[in-house]
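Reviewing the structure listed below.
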Amino acid sequence: RNISRKYRTTLFALSSIGSFGSGVAVLASLIYPGPQIRQRALAQRATAHQSVQAFMRQHQRMLMDGDLASIFSRGLAAEVDMTEVELMQFHAMARDFLSFHEECHWLNSRGMLDDDGFKTSSAGLGLLLRYPGFRAAWRLSRFSFNKGYGELVDADALAATSQGQPRSYLEGWKLAVAAELPRPIR
């Protein structure tokens, strides 16, 4: 009898230790994924940021080509003597930027691109929408973008028209250079 009581006490103690151990294991399994989830979210945001930067570098490299830069400039200004091929090239460049911005909007709305990254792409879009040629390209492309994004760009385009068309890049650059030149001492 004494042995069976001692045996039951030992089994009870082992059972309690086992329950405690499994409780600790469950608690650890709940705590451990937290840092993993945060790390994964950070990696996704870094990837989104890199994608934004890669697009901007690609866009700038494209504009280093003199012929394409000329077409883009003429398209922004809505020059009516563009050829059909030049218009198609300009429209493709405009749609490329619009698709990029829509992707930034999507990523930002899901928390994968921070607000600063989205504001940067939106500032670029806001500047482009000040040009009549880009707004016309938007109107021709709008049907192919999702409704929510279309409404966002429509509102931005309306706001951009009140700001007027910016100076040409060359005019802006000349003004910036003049501001940087040393002033004569009197």
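FYI, side chains are in, hydrogens and waters are out, and symmetry mates aren't considered; it's all heavy atoms of this structure.
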*Taking the side chain as every heavy atom from C-beta outward, state whether F118 and L107 have any atom pair closer than 4.5 Å.*
no
*When rounded to the nearest 0.5 angstrom, what is the spacing between CG in L98 and CE in M93?*
13.0 Å
*Could you tell me the separation between the CG atom of N146 and the NE2 atom of H105, rounded to the nearest 0.5 Å?*
8.0 Å
*Could you state whether F134 and M62 fall into the same hydrophobic cluster, counting links through intermediate Ile, Leu, Val, Met, Phe, Trp or Tyr residues with side-chain heavy atoms under 4.5 angstrom apart?*
yes
*Apply side-chain contact (heavy atoms from CB on, under 4.5 Å) to the pair Y149 and V153, showing each step before the final yes or no.*
CA-CA 6 Å; Y149 180 71; V153 177; 3.3 Å; yes
*If you round to the nearest 0.5 Å, how far is CG of D96 from OG of S141?*
11.0 Å
*Taking only residues two or more places apart in sequence or in another chain, which ones pass side chain to side chain donor-acceptor pair (under 3.5 Å) with D81?*
R74
*Look up atom CG in D67 and atom CD in E86, then write down how far apart they are to the nearest 0.5 Å.*
9.0 Å
_For C104 versus S121, what's the shortest heavy-atom pair and its separation?_
CB-OG, 3.5 Å
_Can you give me the closest heavy-atom contact between A178 and R183, atom names plus distance?_
O-NH1, 4.1 Å
*Shortest non-hydrogen contact between E151 and R142, atoms and distance*: N-NH2, 3.4 Å
*Can the ring centroids of W138 and F97 be said to lie less than 6.0 angstrom from one another?*
no
*Looking at S122 and H101, what are the two nearest heavy atoms and their distance?*
OG-NE2, 2.9 Å
_Applying side-chain contact (heavy atoms from CB on, under 4.5 Å) to I71 and M82, what does each step give before you reach the verdict?_
CA-CA 8 Å; I71 290 167; M82 292 177 71; 4.0 Å; yes
*How close do L129 and R135 get, heavy atom to heavy atom, and via which atoms?*
O-NH1, 2.7 Å
*Would the number of heavy atoms belonging to other residues, nucleotides or ligands and lying under 6.0 Å from CE of M88 be above 12?*
no
*Considering non-hydrogen atoms only, spot the tightest contact between S144 and R95 and give its length.*
OG-NH1, 2.6 Å
*What distance do D65 atom CG and S70 atom OG have between them, rounded to the nearest 0.5 Å?*
10.0 Å
*Going by the ring-ring contact (aromatic ring centres under 6.0 Å, His included) test, which pairs reach into residues 67-96, not counting sequence neighbours?*
H59-F72, F72-F90
*Do W106 and L113 have side-chain heavy atoms sitting under 4.5 Å apart?*
no
*side-chain hydrogen bond (donor to acceptor under 3.5 Å, both in side chains): which pairs involve residues 110-119, sequence neighbours left out?*
N108-D115
_Let me confirm one number: the OH-CG distance from Y131 to L76, rounded to the nearest 0.5 Å._
6.0 Å
